[in-house]
Structures are given as structure tokens and as C-alpha cells.
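A short write-up of the structure that comes next.
The basis for the numbers below is simple: all heavy atoms, side chains too, and nothing from hydrogens, waters or symmetry mates.
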Amino acid sequence: MCTLFHATISITLLVLLLLSSTSNAAINPQSSLSLVNQFLAPQNVVRKAVGMKPLIWDEKVANYAKWYANQRRFDCDLRHSNGPYGENIFWGSGDEWTPAQAVLEWVLEKKWYSYGSNSCQGGEQCGHYTQVVWNNTERVGCARVVCSGGKGVFMTCNYDPPGNYVGQKPY
């Protein structure tokens with residue numbers, strides 16, 4: 001239990017460090033490398049903490065994520081694409097949410113995940129976390145859009161191959 005507690009604290013601190021290093025940077029759509037790193041680096045920190053190989057950025061998957069994020073640009077509706085990939089989605093009000101902040105929301109669900117029972121505690125969500133750390137997932141592509149009419153920010157990451165299969169543990 002003590003080791004799990006320390007691992008959780010370490011993951012949280014690493015992700016917060018990454019978050020603080022990127023949250024003051026302006027989101028510039030022309031700066032795709034910065035955007036890629038904001039999505040990719042914190043996910044790979046969490047994967048490494050549980051012994052998984054790092055995810056690789058994939059332009060084909062990223063193009064799908066961009067296509068779907070653009071579908072949500074007009075309504076910012078927090079709904080899944082039901083496409084061929086695993087998927088995490090995020091919505092935040094305002095227009096300054098960073099990719100690292102979205103990833104942080106997903107990976108903090110680890111606190112609700114019980115590896116022993118392979119379930120989420122007390123009706124909480126943990127599927128975003130398990131998708132990030134899914135053993136067979138190798139590639140990721142993500143996108144961020146500011147929604148029209150001040151509706152907020154929508155972000156999505158898509159994962160290939162997908163994860164979160166019922167009855168299977170993520171790692």
C-alpha cells in the first residue's frame with residue numbers, strides 16, 4: 001500500500017511538473033510540436049510508471065482526432081466519435097485549457113482504479129486512465145479545438161490499437 005501511495009504521488013508530481021511547464025505557454029495552432037508534446041509527454045510518464053512502452057505519435061490517428069474535434073467545434077458536445085480507435089475526450093469552459101490539463105484529468109482517475117478487481121471504485125470513472133495505460137496500445141493522435149460561441153475547449157486523443165476491453169486488465 002505504501003509503495004502504491006508513493007507511486008501515485010510520484011505520477012501526480014511528474015504530471016503536475018509537466019503541466020506547469022506547459023500551462024503558461026500560449027496554445028499556438030502553428031506550433032504542432034509543442035501541442036504533440038503536451039499531449040504525449042504526460043501520457044508516457046504515466047505509462048512508464050506502470051511499466052508500459054511509450055506511446056508513439058501517429059499522424060493518421062492524429063488526423064482522425066482532428067477530424068472529430070472539428071465535428072465538435074460548433075457544439076463542444078462531450079460525446080464520443082464511436083470510431084475505429086480507443087478514445088478519451090475532454091471539455092472545459094473558457095478557451096485556455098491545455099492538452100496537458102486534459103491529460104491530467106484523465107490520468108488522475110488512477111486513484112479510482114483497483115488493479116486487483118480490475119474495476120473502478122464506488123461508481124467512479126477510471127476508463128480514461130486505463131485507456132492511457134492499455135498494454136497493447138502503441139500509437140496515439142490527439143487534437144484540441146476552441147469551440148465557437150464561447151462554448152469552451154474540446155480535446156480528444158485516439159488510441160491504436162484501442163483498449164478497455166471488458167474483462168481484460170490494462171497491463
Side-chain angles (χ1 to χ4, degrees), residues 10-73 76-111 113 125-147 151-164 170-171:
S10 296
I11 291 169
T12 302
L13 289 174
L14 285 171
V15 172
L16 288 173
L17 180 62
L18 283 166
L19 177 62
S20 68
S21 70
T22 58
S23 62
N24 294 330
I27 299 294
N28 178 354
Q30 306 304 320
S31 178
S32 64
L33 184 59
S34 171
L35 196 68
V36 167
N37 284 334
Q38 286 187 55
F39 278 118
L40 193 57
Q43 293 186 78
N44 282 336
V45 166
V46 174
R47 288 178 63 85
K48 184 174 184 174
V50 295
M52 297 298 99
K53 294 186 302 189
L55 295 171
I56 297 167
W57 189 263
D58 184 282
E59 281 303 317
K60 178 181 174 189
V61 180
N63 285 336
Y64 179 85
K66 289 174 195 168
W67 170 82
Y68 186 65
N70 280 317
Q71 303 304 302
R72 300 277 61 89
R73 181 182 298 277
C76 229
D77 192 13
L78 197 57
R79 126 175 64 137
H80 285 281
S81 69
N82 298 313
Y85 303 111
E87 184 171 72
N88 282 340
I89 56 176
F90 171 90
W91 171 83
S93 64
D95 62 2
E96 296 187 17
W97 291 93
T98 67
Q101 289 171 312
V103 172
L104 180 63
E105 289 296 315
W106 298 329
V107 301
L108 285 178
E109 291 180 1
K110 178 184 173 104
K111 67 185 171 193
Y113 179 66
Q125 283 192 339
C126 60
H128 300 102
Y129 165 73
T130 55
Q131 177 58 81
V132 169
V133 298
W134 198 263
N135 181 40
N136 294 336
T137 299
E138 299 174 354
R139 295 169 294 283
V140 67
C142 308
R144 175 192 186 275
V145 295
V146 174
C147 299
K151 293 184 178 106
V153 172
F154 180 89
M155 288 183 253
T156 181
C157 282
N158 293 94
Y159 302 87
D160 187 39
N164 285 339
Y171 50 89

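Taking each heavy atom of Arg47 and Thr137 in turn, the nearest pair found is NH2-O, 3.2 Å. Here the closest heavy-atom approach between residue Pro162 and residue Pro84 is recorded as CG-O, 4.0 Å. Scanning both residues, Arg144 and Leu35, for their nearest heavy atoms gives CD-CD1, 4.4 Å. Across all their heavy atoms, Ala65 and Thr156 have their closest contact at O-CG2, 3.5 Å.
Between Gln43 and Gln131 the shortest side-chain heavy-atom distance does not fall below 4.5 Å. For the pair Glu138/Asp160, no side-chain contact is recorded, criterion being any heavy-atom separation below 4.5 Å from C-beta on. In this structure the side chain of Val140 reaches within 4.5 angstrom of the side chain of Trp57, judged on heavy atoms. Taking the side chain as every heavy atom from C-beta outward, Val50 and Lys110 approach each other to under 4.5 Å. Looking at Trp91 and Arg72, their side chains never come closer than 4.5 Å, going by heavy atoms from C-beta outward. Side-chain contact between Lys66 and Cys142: absent, with no pair of heavy atoms (C-beta onward) separated by less than 4.5 Å.
Using a 30° and 60° split on the angle between ring planes, His128 and His80 fall in the parallel class, below 30°.
Atom CE of residue Met155 and atom CG of residue Leu78 lie 11.5 Å apart, to the nearest 0.5 angstrom. Atom CZ of Phe39 is separated from atom OG1 of Thr98 by 8.5 Å, given to the nearest 0.5 angstrom. We find the CH2-OH distance between Trp134 and Tyr171 to be 11.0 Å, quoted to the nearest 0.5 Å. A distance of 11.0 Å separates CE of Met52 from CG of Leu55, quoted to the nearest 0.5 Å. Taken from CZ in Arg79 to CD1 in Ile89, the straight-line distance is 9.5 Å, to the nearest 0.5 Å. Between the CG atom in Leu108 and the SG atom in Cys126 there is a gap of 13.0 Å [rounded to 0.5 Å].
Side-chain atoms of Asn158 never come within 3.5 Å of backbone atoms of Glu87 as a donor-acceptor pair (strictly under, hydrogens ignored). Remark: the backbone N or O of Gly127 is paired with a side-chain donor or acceptor of Asn164 at under 3.5 angstrom.
A ring pair (Phe, Tyr, Trp, His ring centres under 6.0 Å) with Tyr85 is found for one member of Tyr64, Tyr68, Tyr159 and no other, namely Tyr64.
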